[in-house]
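To start, the structure under review is shown below, and the notes come after it.
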Amino acid sequence: MNAELETLFPKEERGFWGRAFHFVTGITEVRMRAEKPVLLYAGGREYCLMPDGQPREVLSVREGGDGRVAMRGRVLTPKELSAFLLHFCRDSLYAYEEELREGYLTLEGGHRLGVAGEVILEKGRVQNVKHVQYLNLRVAREAIGAADVILPRVYRNGELRSVLIASPPGCGKTTMLRDLIRQVANGNVYGKGVTVGVVDERGEIGGSFLGVTQNDLGLRTDVLGGCPKALGMRMMIRSMGPAVLAVDELGKPEDAEELREALRCGVKVLATLHGESIRDVRERGLDQLFEVIFFLGRGSPVPRLLKIWEREEGFE
């Protein structure tokens with residue numbers, strides 16, 4: 001994985017990034033900010049990258065450090081950040097304009113590059129992002145078997161149930177959803193394989209790059225990318241007739257309405273939500289749409305299951 005990350009960067013920079021990625025395993029994020037040191041995150045730890053690419057762990061005073069080590073790390077200039085962005089866009093910002101409007105790019109391997117700077121608005125809608133000052137490389141984590149811990153409760157008497165996976169950001173709910181889709185589509189010891197329709201609005205589930213899905217979503221899975229979830233769910237049911245719909249990060253009221261329609265059509269749903277409690281789920285009117293809800297916390301190397309809520313029984 002680390003060798004793959006190195007190849008994302010310009011050739012003249014690979015020596016620096018290669019040294020950084022060689023010494024740290026399980027990288028989840030690389031944060032690059034103009035006039036600030038490069039920071040790397042792995043296994044719940046924070047590292048700064050020295051000018052020669054060597055990583056140094058950043059420890060707080062409580063942990064026995066002083067945090068000042070980060071200030072000795074490599075500092076990127078705005079010009080360097082712009083060059084990186086242009087490289088990630090394959091030397092054509094225009095070709096990636098639609099993605100940039102959403103604040104991200106999907107890179108080869110399914111990795112996600114977050115972009116922030118000054119937004120250009122037109123009639124209340126984002127038209128572009130200029131003067132980019134911040135990049136966040138989020139490393140795709142395809143953890144085969146991540147859903148094993150929840151799989152026995154996903155099925156009841158051999159029948160698949162509608163499932164919601166909820167957690168705060170960064171706890172691996174998309175990682176778990178991705179593996180769950182794969183296992184549901186392929187079939188497993190609890191149920192036979194079925195057709196799954198994935199509505200991948202932001203490309204985080206399949207990690208599509210140039211239209212090709214980079215992650216293993218199973219042999220009976222169809223993917224609709226770049227489409228708003230509510231519209232995509234409707235299109236997928238009409239065009240592909242899936243037994244199961246899968247979506248990431250529910251939130252808008254129209255998402256819940258399309259979910260209700262899908263359920264009325266006999267389609268099961270696998271989904272995720274930013275939330276820490278059943279109250280967060282209820283506030284969005286989603287608690288009665290799912291038969292079982294799994295709440296996750298931070299874990300390594302796979303997401304950590306904290307608690308389970310059953311529609312008929314409440315919490316365990």
Side-chain donor/acceptor of [X] to backbone N/O of [Y], under 3.5 Å:
{"X": "Asp179", "Y": "Gly145", "result": "yes"}
{"X": "Arg31", "Y": "Asn136", "result": "no"}
{"X": "Arg56", "Y": "Met50", "result": "no"}
{"X": "Asp255", "Y": "Leu250", "result": "no"}
{"X": "Arg74", "Y": "Gly53", "result": "no"}
{"X": "Asn186", "Y": "Leu219", "result": "yes"}
{"X": "Arg304", "Y": "Gly172", "result": "no"}
{"X": "Arg14", "Y": "Thr7", "result": "yes"}
{"X": "Glu13", "Y": "Pro10", "result": "no"}
{"X": "His22", "Y": "Gln54", "result": "no"}

**OP:** Evaluate the side chain to side chain contact (heavy atoms under 4.5 Å, CB included) criterion for residues Ile181 and Leu177: first the C-alpha distance (whole Å), next the side-chain angles of each, then the deciding distance (0.1 Å), finally the verdict.
**Re:** CA-CA 6 Å; Ile181 292 168; Leu177 174 64; 3.9 Å; yes
Subject >> Check against side chain to side chain contact (heavy atoms under 4.5 Å, CB included), Val198 and Leu224 >> reply: CA-CA 6 Å; Val198 176; Leu224 180 64; over 6 Å; no
**OP:** Under the salt bridge (Lys or Arg N to Asp or Glu O under 4.0 Å) rule, what do Glu249 and Lys229 come out as? Steps first, then yes or no, please.
**Re:** CA-CA 9 Å; Glu249 297 186 6; Lys229 283 182 279 288; 6.0 Å; no
With a 4.5 Å heavy-atom cut-off, do [X] and [Y] have their side chains touching?
{"X": "Val184", "Y": "Val194", "result": "yes"}
{"X": "Arg182", "Y": "Asn215", "result": "no"}
{"X": "Trp17", "Y": "Leu40", "result": "no"}
{"X": "Leu107", "Y": "Leu137", "result": "yes"}
{"X": "Val269", "Y": "Leu289", "result": "no"}
{"X": "Phe294", "Y": "Trp309", "result": "no"}
{"X": "Tyr190", "Y": "Val154", "result": "no"}
{"X": "Val223", "Y": "Ile205", "result": "no"}

Give a yes or no on whether a salt bridge exists between [X] and [Y], defined as a side-chain N under 4.0 angstrom from a carboxylate O.
{"X": "Glu261", "Y": "Arg264", "result": "yes"}
{"X": "Glu159", "Y": "Lys268", "result": "no"}
{"X": "Arg161", "Y": "Glu310", "result": "yes"}

**OP:** Kindly determine whether Glu291 and Arg156 satisfy salt bridge (Lys or Arg N to Asp or Glu O under 4.0 Å), including the steps that lead there.
**Re:** CA-CA 10 Å; Glu291 294 159 278; Arg156 175 165 286 179; over 6 Å; no
Subject >> Donor + acceptor pair across side chains of Tyr41, Glu46 (<3.5 Å) >> reply: yes
Which heavy atom of [X] sits nearest a heavy atom of [Y], and at what distance?
{"X": "Cys48", "Y": "Val58", "result": "N-CG2, 3.8 Å"}
{"X": "Val149", "Y": "Ala146", "result": "CG1-O, 4.0 Å"}
{"X": "Arg178", "Y": "Leu217", "result": "CG-CD2, 3.5 Å"}
{"X": "Met236", "Y": "Asp222", "result": "CE-O, 3.8 Å"}

Subject >> Gap separating the CG atom of Leu286 from the CD atom of Gln288, nearest 0.5 angstrom >> reply: 10.5 Å
Subject >> Candidate list Ile150, Ile165, Ile308, test side chain to side chain contact (heavy atoms under 4.5 Å, CB included), partner Val292, passing option >> reply: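 Running side chain to side chain contact (heavy atoms under 4.5 Å, CB included) over Ile150, Ile165, Ile308 with Val292 returns exactly one hit, Ile308.
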Subject >> Arg138 atom CZ, over 12 foreign heavy atoms within 6.0 Å >> reply: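 No - once you tally the heavy atoms of other residues, nucleotides and ligands closer than 6.0 Å, there are 12 at most.
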Subject >> Over 12 non-hydrogen atoms of neighbours within 6.0 angstrom of CZ in Arg279 >> reply: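 No, the 6.0 Å shell around CZ holds no more than 12 heavy atoms from other groups.
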Original post:
When you look at Thr272 and Met176, which way does the side chain to side chain contact (heavy atoms under 4.5 Å, CB included) test go after all the steps?
Top reply: CA-CA 9 Å; Thr272 68; Met176 182 173 281; over 6 Å; no
**OP:** Would you sort out whether Arg33 and Leu39 count as a side chain to side chain contact (heavy atoms under 4.5 Å, CB included), showing the intermediate values?
**Re:** CA-CA 9 Å; Arg33 301 176 173 98; Leu39 296 176; 3.9 Å; yes
